[in-house]
Amino acid sequence: MFKLVLVNLFRNKIRTFLTMASVTVALFLFCTLGGVLDTLQESIKVGSESRLVVRNKISLVQWIPMAYRQRIQSVPGVKLVAVQNWFGGQDPNDKRGFFAQFAVDEPYMAIYGKDFEIVQHSDAQAGVAVPEGVDPKLAAFYLERTACVVGQKLLVKKGWKIGQTITIAGTIFPGDWPMTIRAVYHAKNKSFGEEVLFFHYKYLSEKGLGGQEPVGTYVLELSDPSQASRVIQAIDSQFENAAPATLTETEQAFSAGFVSMYGNVPFVLRVIGLAIVFSILLIAANTMMTAIRERTSEFGVLKTLGFSDGAVFRMVVTEAAIITLGGGLLGALGAKFLVDGSAMTSGFLPPMSVYWSTVITGIIIAVVIGAISGLIPALQASRLRIVDALRRVD
Amino acid sequence: MASVEVRNVVKTYKRDAEELRVLDGLSLSIPDGAFVALMGPSGSGKTTLLNLIGGVDQPSSGDVEIAGTNIARMTGASLAKWRSASIGYIFQTYNLIPVLTALENVELPLLLVRMSGAERRKRATTALELVGLGDRLKHYPRQLSGGQEQRVAIARALVSDPKVLLADEPTGDLDRKSAEEVLNLLDRLNREFKKTIVMVTHDPHASQRASRQYHLDKGVLSN
């Protein structure tokens, strides 16, 4: 019986191929769009429950003073405090090639030490000390005020080399910012991203802020993550009546809030994905109905030979399911293996992620498309009266 | 013993508001192993009667008993199963599946019974050899002549070894020579293999090959 289904599938090879290809493309797009949502989700994962972020309560783009640092550090349960300022520069040779840059201070690399590993570095003089908890391979970075650390993918993408002095054009902080690449990192935690450049906050402060020290955000490492809510309350209550007041949250909540800035984009992506799937459903259903209508008299013959209505129903549904499931598998797995891990998103988002749950959802959708697109023609074929079927001449 | 017993069968069709009475209380008894021809003008109800005997349509009232089984009230899967085991159907236009070879076409009815692939192919090959097409197993319908296609259709009808063969204008689309070959084959199946054959035909020459002729007119037997 299955052979009969296969033979019918290859009856009109071009039509089968085109239908399958349309389902493949649709599911590829659906899973890729789903992958964008997954990537946003992934970007939240960089946030750890054991790390907190302190920012200006009014807005992320408003500064908080460096003077807060000591007071935050003195809150019981806070292990390390690091400064992290968004720089927003551009590569003057590739202004459209966006990537994130952060000005960070000494403890930063210790706080995030578990999320990356240094894979290339410039040699420093022997015996040069690095802050506690920091990879000694970063010694050359700590020695030089204009040094920077870049992600491996960014290095490859830009064609940079270790030891090379590059220039970043400031947009928020005008002027040219020469920096020397002293280390290259590989992200152990995929969501940490490999297209980010880190440089010294001191460099930013002295060159771009006239020696002043406003801070974008403080990143805190806690000695005991279970104390997070107490620490949050302690910090924010301390600055409640100060100008500016602070808003402290777990890094995860901070990242989630960042993603929420995309507003309805995830919703729009979902709608577009479903619209693509729905249009393919119509195409597949139409193709199946045409294919079945052409074979009306054959179904009459099969029934005359003793094939039951149920057998005919199963044949048609199986035929539709093979087309859509085949196309769906190709599209969904194609998205998983071609898009997942690629740097399509770039910037401060981690590499593209296409979760297996998205792939499985895509495959389930393909099966449902198959069932729905095959259902109506299958019902038509199974309910066909033999005498009516044999009377028709196509 | 009668192989086919039709009793007081009425068959009506609805066309818009009008009710069309195609068979009007028809009764007919065909003995086991007979070869009968149903003749009559177009619209007389010949094919309808054949369809009722074959279980591909159901009477509005009356009984149709084939080899002791009353199929008039059978429906759905049980009727389909009965058809596959009890009836071989030969169409005027052969109705072979164009994407299947001659062998695969003949194998079709055997897909419905539990049987190994090898056994299925063996039986289909035997059936094709019986109709003289042992050398055309791998040919597709488009590679065969009309007469050969009809012989494949006959092989398909008899491969599951049914007691009754129904033929609806089996020579209607054939030239004289091919028609003669098909009639010879039906004759042989009747005589050598004791198949009960009911053949609808317009052709008086074809009807002469049957042991008995029935004439239908306006839904009733006229003789």
Side-chain angles (χ1 to χ4, degrees), chain A residues 1-17 19 287-288 290-320 322-323 378-394, chain B residues 11 13 22 47-58 74-101 103-114 117 120-121 140-141 153 156-160 162 166 168-169:
Chain A
M1 201 84 83
F2 188 67
K3 190 184 172 190
L4 194 56
V5 172
L6 287 181
V7 166
N8 281 323
L9 274 175
F10 291 103
R11 177 184 288 244
N12 191 330
K13 291 187 189 76
I14 292 175
R15 182 163 61 197
T16 302
F17 170 76
T19 311
T287 308
M288 281 310 296
T290 307
I292 298 310
R293 200 163 41 241
E294 284 173 2
R295 281 157 36 205
T296 298
S297 60
E298 283 180 25
F299 288 121
V301 173
L302 290 177
K303 287 187 175 191
T304 306
L305 296 179
F307 283 70
S308 66
D309 295 349
V312 169
F313 181 90
R314 285 192 294 277
M315 271 173 56
V316 176
V317 166
T318 308
E319 213 175 304
I322 288 175
I323 291 177
L379 276 174
Q380 282 178 340
S382 67
R383 287 178 179 171
L384 204 59
R385 292 176 66 235
I386 298 174
V387 282
D388 293 332
L390 295 176
R391 201 178 290 142
R392 284 198 208 176
V393 178
D394 289 309
Chain B
K11 181 66 186 175
Y13 289 110
V22 183
T47 298
T48 301
L49 178 59
L50 199 72
N51 288 340
L52 295 181
I53 295 170
V56 299
D57 203 358
Q58 286 176 301
M74 279 168 76
T75 54
S78 57
L79 187 56
K81 196 174 175 187
W82 173 84
R83 268 199 308 271
S84 73
S86 314
I87 295 290
Y89 215 106
I90 301 157
F91 304 91
Q92 179 180 350
T93 49
Y94 333 129
N95 282 335
L96 300 178
I97 308 293
V99 288
L100 300 180
T101 62
L103 185 70
E104 289 165 342
N105 265 288
V106 176
E107 277 185 72
L108 274 176
L110 301 178
L111 293 175
L112 300 165
V113 288
R114 217 174 270 276
R120 203 166 53 228
R121 277 186 293 280
Y140 287 92
R156 181 177 66 184
L158 60 87
V159 73
S160 52
L166 305 177
D168 190 2
E169 301 270 12

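Below, read A as the first sequence line, B as the second, and so on, with proteins coming before strands; counting in each chain starts at 1. Keep in mind that this is a model prediction, so the values were computed, not measured.
Contact check for B:I97 versus A:R11: side-chain heavy atoms found under the 4.5 Å cut-off.
The two residues A:R385 and B:Y13 have their closest heavy-atom pair at NH2-CE2, 4.4 Å. The two atoms that bring B:P98 and A:E298 nearest to each other are CD-OE2, 3.2 Å, heavy atoms only. Nearest heavy atoms, B:S84 versus A:G306: CB-CA, 3.7 Å. Shortest non-hydrogen contact noted between B:A80 and A:S308 is CB-CA, 3.8 Å.
With rounding to the nearest 0.5 angstrom, the CG atom of A:L390 is 9.0 Å from the CG atom of B:D168. Of the inter-residue distances, the one linking B:D57 atom CG with A:I386 atom CD1 reads 8.5 Å to the nearest 0.5 angstrom.
Of the atoms belonging to B:N95, heavy atoms from both backbone and side chain fall under 4.5 Å from chain A. Only the side chain of B:L112 has a heavy atom closer than 4.5 Å to any heavy atom of chain A. Both the backbone and the side chain of A:F307 come within less than 4.5 Å of a heavy atom in chain B.
Atom CZ of A:R15 has more than 12 neighbouring heavy atoms from other residues, nucleotides or ligands inside a 6.0 Å radius.
Top candidate by heavy-atom pairs under 4.5 Å with chain B, chosen from A:N8, A:L4, A:V301, A:V7, is A:V301.
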Verdict with reasoning, B:L111 to A:L305, per side chain to side chain contact (heavy atoms under 4.5 Å, CB included):
CA-CA 10 Å; B:L111 293 175; A:L305 296 179; over 6 Å; no

